[in-house]
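The structure displayed is predicted, hence computed values, not measured ones. Here, residue 1 is the first one in the sequence, and each next residue gets the next number. Atoms within a ligand are numbered from 1 in the order they appear, just like the ligands themselves.
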Amino acid sequence: MTSVAEVLSLYERWGGHNYDEDLAQAEHGLQTAAHAEAAGASDALVAAALLHDVGHLLALDGQSPARGHEQTGARYLAQLFPPEVTSPVALHVPAKRYLCAVDGGYAATLSAGSTRSLARQGGPMSRAEVIAFETTPGWADAVALRRWDDAGKAAVASSRSIDSYRPLLVRAAAAPRLRSP
Ligand SMILES: [Fe+2]
């Protein structure tokens, strides 16, 4: 069983590493969480924003394959957190494909890394995929998370540490499950 302490220790070990961006994992999570907090997001959604790329850290740690990080991350977090946290994590890559389909200006705003990965992730959604996505539990939270994710790639240093989110993560882990997975 994963604990909040274990999740935080993953970030201690691997948070300084970059992935497909010129930005450390911990810094990217912190910036994404800061955008979520500024928007008044729930504890669950701030936790999702902070940890949305944990699949990349699991890959660095040798615990999962590098591809499909949104699924491996969501499965890992599901040991600890409710669907309000894990669904947006699982859907943050489909949310990129969704936004590319429904928002004409969105694709041009993607970072170089996100643009590179779009094709291997399936490219923009088809009309049928868009309709199906909009019936998926957690899809709107995933779209919000995706926009904070895209905005969370600035070349500035956060004033907070990952560990400062420990109380919020404990609250999010203890929250009653409002929605079935
Ligand atoms: Fe991200």
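Every residue two or more places apart in sequence or in another chain was checked for a ring-ring contact (aromatic ring centres under 6.0 Å, His included) with Tyr76, and none qualifies. By the salt bridge (Lys or Arg N to Asp or Glu O under 4.0 Å) test, Asp53 pairs with no residue at all, sequence neighbours left out. Judged as a side-chain hydrogen bond (donor to acceptor under 3.5 Å, both in side chains), and not counting sequence neighbours, the contacts of Trp14 are Asp61.
Of all protein N, O or S atoms, those under 2.8 Å from the Fe ion (ligand 1) number 4.
One hydrophobic cluster, built from ILVMFWY side chains closer than 4.5 Å, holds both Leu80 and Ile162.
In summary, the side chains of Gln31 and Ser158 do not present any donor paired with an acceptor at a separation below 3.5 Å, with no hydrogens or angles considered.
A distance below 6.0 Å separates the ring centres of His52 and His28.
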